[in-house]
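Below: the structure, in C-alpha cells.
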Amino acid sequence: MAEIQNTDLVVIGGGPGGYAAAFYAADSGMNVTLVDTETNPGGVCLYRGCIPSKALLHVAKLINEAKHAASWGVRFAEPEIDIDTLREFKDKVVNKLTGGLGQLSGARSIRSIQGWAEFRDNRTLHIRMHDGGEVELGFRHAILATGSRPAVIPGLPVDSPRVMDSTAALDLPDIPGRLLVVGGGYIGLELGTVYAALGSKVTVVEMTDGLLPGADRDLVTQLKKKLDASFEAILLNTGVVSAKDTGGEVEVTLRGPTGESVAHFDRILVSVGRKPNTAGFGLERTRVVVNERGFVVVDPQRRTGEEHIFAIGDITGDPMLAHKASHEARVAVDAIAGKKSVFEPYAIPAVVFTDPEIAWAGLTETEAKAQGRKVEVGRFPWAASGRATTLDRFDGVTKVLVDPESERLLGIGIAGPGAGELIAEGVLALEMGATVHDLALTIHPHPTLSETLMEAAEAWSGHATHLYRPKRPS
Ligand code: FAD
C-alpha cells in the first residue's frame with residue numbers, strides 16, 4: 001500500500017537543473033520534494049559527466065605537462081599509473097561534491113526521495129522507492145529535470161564490456177592498449193585525451209569532415225594539431241559499419257573516403273551524442289508535449305503543455321549543458337512564484353576541456369555565415385602574448401566578433417590552455433551589451449592570458465600593442 005503525501009513543488013531529477021531548482025524553490029519558501037534515483041543530488045553531471053571527466057582531465061594535464069617539461073630541461077621519469085588509486089581519487093571527488101549537495105538539501109529541509117517517479121495523472125506521481133517502499137505524491141507544481149543518456153549506434157554489440165559509453169569509460173575499467181573513440185564531439189575528445197595521457201593508443205572516427213562539428217574551424221585547428229600528435233589517428237568522414245567482440249578484442253569495420261577497412265581495438269568508446277529522458281515515466285498521461293526528437297516543448301518560462309508543470313535541462317534541448325540547466329531552473333522557479341521571469345540568455349558559454357581548451361559564447365563565425373550575417377572579427381594569436389610565451393604555449397587564439405554598425409560585441413571565441421576560465425569575461429561583456437571599445441579600454445592584469453581578450457578587441461581596430469596590422473581608418 002503506497003504512502004500518500006502532498007507537496008507544493010516536486011522536482012523530478014536531481015542533476016544541475018533539478019537540484020538548482022529544488023534549492024532555489026526551498027530558499028523562496030516553497031515546500032519542496034526532490035526525487036532522484038541516487039541517494040544524493042548530482043545527476044549525470046556530478047556522477048558520470050562534467051565532474052569525474054574533469055578530475056581525470058586534470059591528471060591528464062599533469063602527465064602532459066611533465067612530458068613537455070623535458071624541453072625546459074626538467075626531466076621526469078615515465079609515469080607509473082596506479083589505476084585503482086586514480087579511480088579512487090575520481091570517486092572521492094564525486095562523493096565529496098554529491099555528499100555536500102545532500103547536506104545542502106537537508107539544511108534547506110527539502111524532502112528527498114530516492115526512487116523512480118512516474119506520472120499517474122497530471123496531479124499525482126507514483127514513486128517506487130529504492131528501499132522497496134512506494135509513495136503516491138500529490139503536487140501543485142512539478143519541474144521535470146530528468147536529463148539525458150548516451151545515444152547508441154544500432155548494430156554495435158552493446159552487451160560487450162569492450163564497447164563502452166561515457167559512463168563506462170569514466171569507470172576506468174583498465175587502460176586499453178588500443179582505444180577507438182566513435183564520435184569527434186566534446187565528450188569523445190575529452191575522454192580520448194584522458195586515455196591517451198594514461199597510455200592508450202587512441203583512434204577517433206568522426207562522420208563529418210571535422211572534429212567538434214558546429215565549433216569555428218580556426219579554434220578547432222589549434223586543437224587538431226595537438227591531437228594529431230597525441231592520438232594514434234583521427235579519421236574524418238569515417239563511420240563504423242559494424243563491430244564484433246571476438247573475445248580478446250573488437251574487430252571493427254570502418255567506412256571512410258577510401259572505402260571499407262577492418263581494424264582491431266581493445267575497447268571502443270561510443271560517444272555519438274545524448275538522448276533526452278522523456279519516455280518511461282508516464283508523460284503520456286499528462287498534456288506535456290514531446291517533439292519529434294524527444295525533447296519536451298516549453299515556453300520562454302519553461303512551462304510545458306500543462307500550466308503547472310515545467311521542464312528544464314537536457315530534456316528541453318540544446319545546448320545540453322549543466323549551466324544552461326541551472327539557469328533554466330531559476331527561470332522556472334520564479335515563474336512558479338508568479339514572478340516575471342524569462343529564459344533569454346544572450347550567450348550560453350560552451351567549453352571543450354581538451355588540451356588546448358576551446359571555448360566560445362554568443363554568435364560564432366560559423367553561425368554568422370549560415371545566417372548570412374555580416375560580422376567583423378578581431379583576432380589575437382597567442383604567439384604574441386607574453387603570458388602564453390612564459391607557459392611555452394603558442395597554440396592559442398582569442399577572437400571577438402563585432403557588429404559593424406553598432407560595434408557591439410556579438411561573440412567571443414578562444415582556443416588555448418585555460419580558455420574555459422577566460423570565456424567568463426566574454427560572457428559578461430556580451431550580457432552587458434559591451435562594445436568592442438569597452439573591452440579594449442578595460443585594463444587587464446599583466447602578464448595574463450586575459451590580456452588576449454583586450455588585445456583581440458584592440459586588434460579589431462588595428463591598434464593591438466603586440467601585433468602589427470594595417471590600421472582601420474578612424
Ligand atoms: P541530469 O544531470 O541528466 O540528471 C537527471 C537526473 O534525473 C538523473 O540523476 C536521473 O537518474 C534522474 N531521473 C531521470 N528520470 C527519473 C525519474 N523518472 N524518476 C527519478 N529520477 C529520474 N556539461 C557541462 O556543462 N560541462 C561539462 O564539462 C560537461 N561534461 C560532460 C561530460 C560527460 C562525460 C557527460 C556525459 C556530460 C557532460 N556534460 C557537461 C553535460 C551535463 O552533464 C548535462 O548537461 C547535465 O547533467 C544536465 O543536467 P540535467 O539537470 O538536465 O539532468
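Note that ligands are numbered from 1 as they come in the structure, with each ligand's atoms numbered from 1 the same way. All values below were derived from every heavy atom in this structure, side-chain atoms included, with hydrogens, water molecules and symmetry-related copies excluded. Note that the structure is a prediction, hence the values are computed from the model and not measured.
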Decide whether the shortest distance between a heavy atom of [X] and an atom of ligand 1 is less than 4.0 Å.
X      : result
Arg149 : no
Tyr19  : no
Arg274 : yes

Decide whether an N or O pair under 3.5 Å exists between Gly42 and ligand 1. no

Does an N or O anywhere in Asn277 fall below 3.5 Å from an N or O of ligand 1? no

Quick test: of every protein heavy atom, which one is nearest to [atom], and how far off is it to 0.1 Å?
atom                    : answer
atom 18 (N) of ligand 1 : Ala117 O, 3.0 Å
atom 11 (O) of ligand 1 : Thr37 OG1, 2.7 Å
atom 48 (C) of ligand 1 : Asp314 OD1, 3.2 Å
atom 6 (C) of ligand 1  : Asp36 OD1, 3.3 Å
atom 22 (C) of ligand 1 : Trp116 CZ3, 4.1 Å
atom 28 (O) of ligand 1 : Lys54 NZ, 2.7 Å
atom 31 (C) of ligand 1 : Cys50 N, 3.4 Å
atom 49 (O) of ligand 1 : Pro16 CD, 3.4 Å

What I want to find out is whether [X] reaches [Y] closely enough, with some N-O distance under 4.0 Å, to be called a salt bridge.
X      : Y      : answer
Asp228 : Lys224 : yes
Lys61  : Glu65  : no
Glu365 : Arg217 : no
Lys225 : Asp395 : no
Glu249 : Arg162 : no
Glu328 : Lys324 : yes
Lys54  : Glu190 : yes
Asp266 : Arg178 : yes

Any chance you could lay out the salt bridge (charged side-chain N to carboxylate O under 4.0 Å, His left out) test for Glu306 and Arg123, step after step, and finish with the verdict? CA-CA 10 Å; Glu306 292 276 4; Arg123 290 281 174 191; over 6 Å; no

| said: Under a 3.5 Å threshold, yes or no: a donor from one side chain and an acceptor from the other, between Thr221 and Asp218? | reply: no

>> Please tell me whether Asp334 and Tyr24 have a donor and an acceptor in their side chains that are separated by less than 3.5 angstrom.
In response: yes

So the ring pair (Phe, Tyr, Trp, His ring centres under 6.0 Å) pairs with at least one residue in residues 309-333 (sequence neighbours excluded) are His327-Phe343

Take a 6.0 Å sphere around NE2 of His68 and say whether it holds more than 12 heavy atoms from other residues, nucleotides or ligands. yes

Which segment of [X] sits under 4.0 Å of ligand 1 when only heavy atoms are counted:
X      : result
Ile12  : side chain
Ala322 : both
Glu38  : neither

Atoms in ligand 1 flagged as close to [X], the criterion being non-hydrogen separation under 4.0 Å:
X      : result
Gly115 : 19 (N), 20 (C)
Ser148 : 3 (O)
His323 : 25 (O)
Gly147 : 1 (P), 3 (O), 5 (C), 52 (O), 53 (O)
Gly15  : 2 (O), 4 (O), 51 (O)
Phe353 : 28 (O)
Met320 : 41 (C), 45 (O)
Gly17  : 51 (O)

Leu422 and Leu453 have their tightest heavy-atom pair at O-CD1, 3.7 Å

A student comparing Asp318, Thr316, Val44 should find that the heavy atom closest to atom 3 (O) of ligand 1 comes from Val44

In short, salt bridge (Lys or Arg N to Asp or Glu O under 4.0 Å) pairs touching residues 350-360 with sequence neighbours left out are Lys226-Asp355, Asp355-Arg393

